[in-house]
2 protein chains.
Amino acid sequence: MTGVPAVSGPVAGGTASHRIADALRAAILDGGYQPGERIRQEDVAARSGASRIPVREALRLLEAEGLVTLVANSGAWVARLTLAECAELYQIRERLEPLLLRASLPGLDGAALGRMADLAAAMESLAGDVDAFLRADREFHLASYAAAAPGETTQVIGRMWNRTQHYRREFTRLASRRASLDATHLEHRLLLDCLRRDDADDAERVLVMHIRRTRLELSGHPEIFG
Amino acid sequence: MTGVPAVSGPVAGGTASHRIADALRAAILDGGYQPGERIRQEDVAARSGASRIPVREALRLLEAEGLVTLVANSGAWVARLTLAECAELYQIRERLEPLLLRASLPGLDGAALGRMADLAAAMESLAGDVDAFLRADREFHLASYAAAAPGETTQVIGRMWNRTQHYRREFTRLASRRASLDATHLEHRLLLDCLRRDDADDAERVLVMHIRRTRLELSGHPEIFG
DNA sequence: TGCGCCGTCAATGTATCCAATCTAACGGCA
DNA sequence: TGCCGTTAGATTGGATACATTGACGGCGCA
């Protein structure tokens, strides 16, 4: 229940709906709920000590974020993606993340780049711990965008990361077993180099290739989406 | 209340929340509600013959779409954009719409291109009627994407169009008064030509320039965002 | 006269209760 | 024995009623 830096996280004020939505989101991202798993309103209500009304609003919120699928008069399930849907989210990322990176680049200072270097190094040594790798990878990329003014682009990209989180976990599990994250590590270093050189064009290119390669490798593992 | 081809339109099942959300969305897009205007839950409930519960869920939905701004314990307002926020949405469009156009291009047949040509011609003669122009422009561009499999990209782009609708209307009002939509018309013809030639790269380029020029012209009219 | 406190009111947030709908198990029938 | 209609249960959707929060205006005081 801890650890994932929630993108649309505990920002919103004290209303119960938001608290519940935050808790559910964290549970889904951490794998406490699996894709396809049913979410019963009363269960959530009981666990959060509230009535079903705020739970319903929380579910609506998560549906809008794409994390939950609601069917009228039937129920709520943790959203699952087909391979094609997941690939589409990655294509959106390929187009939008370079935009955000470009906006962030001028504001990235030495401290931010240092933190990113630490994370990149950590990922290379963390080959075994999938969840730690996921957290570091997420923080690495989000850190590269952190100097951009938060706005719609950040929101959209955050939703893409959240929606694909489970499949990234499964893929990383596979890849780490075969010790085949070398390309990832290399691209992270390349990206850092572009940022240090303040070269936005190169950074965009590297980032596009990084996301695209991941997408193509994901497409090679349709069994993840079974 | 009619006319706007709602992007996230009356798709969803019979639940009252969705009906109310559809009605509110249409009202906002048509200008029945102005940006910054307050939306009272009881008003909407009374008008739609339902209680406040489904109204609240509808408002949550529209908040997620970016059309409504909710403040806890305070109320709901029709979302308003600053010039910077609007420009950001246009930058997202610059990156994503070419992607969608490329996906749609192979499936565009003669009928679709013919319809687009009709709409382009209509826009050129419709110089006076702002709302008719807006409808035609929207249908023109959405038609160019219609052959792509509906997915997240379509959704995101639709939301961008919806959120900027009001400001496009105001801008068009200004531009049509000065008869300065010539560049728009020209770009529409160029785009159609690329599509007829089945040239995806050129089409992407023209579309990017089309959206970017609009963004820059919008930036020249900060008074719209007062 | 201007600032700040307090009371009233309106609008939202939440809980409880009832109705409508879907699911699944059961039994009848071919 | 397999299929289908029926019925009972569970679960969600919605309405009403109450609690809570925030806003506005009046009053007192400096």
Donor/acceptor link under 3.5 angstrom from B:R56 side chain onto base of D:dG14: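 It does not, because no donor-acceptor pair links the side chain of B:R56 to the base of D:dG14 below 3.5 Å.
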
Side-chain donor/acceptor of A:R52 to base of D:dG13, under 3.5 Å: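 Such a pair is found, so the answer is yes.
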
Whole-Å gap separating [atom2] ([N]) and [atom1] ([X]):
X	N	atom1	atom2	answer
B:I53	C:dA15	CD1	P	11 Å
B:R40	C:dG13	CZ	P	14 Å
A:W77	C:dT23	CH2	C1'	10 Å
B:L70	C:dA11	CG	C1'	13 Å
B:E57	C:dT12	CD	P	16 Å
A:E63	D:dT12	CD	P	14 Å
A:E42	D:dT12	CD	P	7 Å
B:D43	C:dA11	CG	P	8 Å

Out of C:dT14, D:dG13, C:dG13, whichever nucleotide has its closest atom nearest the side chain of A:N73: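 Taking heavy atoms from C-beta onward, the closest nucleotide is D:dG13.
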
From C:dT12, C:dA15, D:dG14, nucleotide with atom closest to B:S51 side chain: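 Out of C:dT12, C:dA15, D:dG14, the nucleotide with an atom closest to B:S51's side chain is D:dG14.
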
Distance in Å, A:E97 CD paired with A:Y90 OH, rounded so as to fall on 0.5 Å steps: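 It comes to 9.0 Å.
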
Nearest-0.5 Å distance, CG of residue A:L99 to CG of residue A:L207: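 One finds 11.0 Å between CG of A:L99 and CG of A:L207.
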
A:Q91-A:R212 side chain donor-acceptor pair, cut-off 3.5 Å: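 Looking only at side-chain atoms, A:R212 and A:Q91 do not form any donor-acceptor pair under 3.5 Å.
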
Short side-chain N/O contact to D:dG13 OP1/OP2 from B:S17, under 4.0 Å: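 Checking D:dG13 against B:S17, no side-chain N or O comes under 4.0 Å of OP1 or OP2.
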
Residue pair B:R93 / B:R215, side-chain heavy-atom distance below 4.5 Å: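 No, their side chains stay 4.5 Å or more apart.
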
Close side-chain approach of A:E170 and A:H221, heavy atoms under 4.5 Å: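 Sidechains of A:H221 and A:E170: no contact.
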
For a quick check of understanding: with a heavy-atom distance under 4.0 Å over all strands, which category does [X] fall into, base, sugar-phosphate or nothing?
X	result
A:A50	sugar-phosphate
B:I39	sugar-phosphate
B:S74	sugar-phosphate

